[in-house]
Amino acid sequence: MAFSTNAVGYPLETTIALSHLIFEGTFDRFPKLKVIAAHGGGYLPSYAGRSDRACLVSPKSCDPDIQLKKAPTEYLKQIYFDSVVFTPEAIRHLVAQVGASQVVLGSDYPYPWQLQPVDHVFASESLSDDQKADILNRTAARLLNLTA
């Protein structure tokens, strides 16, 4: 079966990397660690609830030596997600899952995947002006300790 590595593979790799950080206890060991996830966090924001159930339903799949301090979905508050999700509905969904305060403007520059990286943010009628401002500059400014 042929598929685009960029369409499926890269978001999947992001999902796997973030899941390792969560389930291996990295965020517990380094609570001030700041991570910005490419590809809107991959598939993790959409399926975060599965992470909360994973070790409960299938304990053999989780490392018994690692006891997380909180539910896996709580670690999403320690992760920032880029806005490279392409459509107004996708940005609405990402914000619904993680909050506008965790989303930063992203682009695929110099690649032609998203030549107008702000258009889908502005086109999302479900986002308030404050949420759009968070995504477009305030979240990144706060993350980098800059004045917006």
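- Nearest heavy-atom pair across F81 and G40 is CD2-O, 3.8 Å.
- Taking CZ of R50 as the reference point, atom CG of L44 lies at 12.0 Å (rounded to 0.5 Å).
- Cation-pi geometry between K34 and Y80 is not met at under 6.0 angstrom from the ring centre and within 45 degrees of the axis.
- In this structure, I66 is a member of the same hydrophobic cluster as Y75, with clusters built from ILVMFWY side-chain heavy atoms closer than 4.5 Å.
- To the nearest 0.5 Å, atoms CG (L143) and CG (N145) are separated by 8.0 Å.
- For T15 (side chain) and P11 (main-chain N/O), a donor-acceptor pair under 3.5 Å exists by modelled atom type.
- When all heavy atoms of L76 and A48 are compared, the closest pair comes out as CD1-CB, 3.6 Å.
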Would you tabulate the side-chain donor-acceptor contacts of residues 98-106 under 3.5 Å, counting partners in other chains and residues two or more places apart, or write 'none'?
from: Q102; atom 1: NE2; to: K77; atom 2: O; distance (Å): 3.2
from: Q102; atom 1: NE2; to: I79; atom 2: O; distance (Å): 2.8

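- For P72, the side chain to side chain contact (heavy atoms under 4.5 Å, CB included) partners two or more places apart in sequence, or in a different chain, are I22, F23, S51, D52, L68.
- In the hydrophobic clustering of ILVMFWY residues, with side-chain heavy atoms under 4.5 Å counting as a link, V8 and I16 come out together.
- Closest approach of R92 to S124, counting heavy atoms only: CB-OG, 4.0 Å.
- The distance from the NZ atom of K132 to the OG atom of S83 is 13.0 Å, given to the nearest 0.5 Å.
- A 4.5 Å side-chain heavy-atom check between V95 and I135 finds at least one atom pair inside the cut-off.
- Expressed to the nearest 0.5 Å, how far CG of L127 lies from CD1 of I91 amounts to 7.0 Å.
- Criterion: ILVMFWY side-chain heavy atoms under 4.5 Å apart, direct or through other members. Under it, L94 and V118 are part of a common hydrophobic cluster.
- Of the charged side-chain nitrogens involved, at least one lies within less than 4.0 Å of a carboxylate oxygen, so that D130 and R138 count as a salt-bridged pair.
- For the pair V84/H39, no side-chain contact is recorded, criterion being any heavy-atom separation below 4.5 Å from C-beta on.
- R29 places a side-chain N or O within donor-acceptor distance of the main-chain N or O of E24, the cut-off being under 3.5 Å.
- For the atom pair CG of D28 and CD of Q67, the computed distance is 10.5 Å after rounding to the nearest 0.5 Å.
- To the nearest 0.5 angstrom, L12 atom CG is 10.5 Å from T5 atom OG1.
- Under the side chain to side chain contact (heavy atoms under 4.5 Å, CB included) criterion, A90 pairs with V85, T87, sequence neighbours left out.
- A 4.5 Å side-chain heavy-atom check between T14 and Y43 finds every atom pair outside the cut-off.
- Linking ILVMFWY residues whenever their side-chain heavy atoms come closer than 4.5 Å, directly or via other members, leaves I36 and Y10 in distinct clusters.
- Contact of the F27 side chain with the V35 side chain is registered, since non-hydrogen atoms from C-beta on lie closer than 4.5 Å.
- Counting heavy atoms from C-beta outward, S46 and H93 have side chains that approach closer than 4.5 Å.
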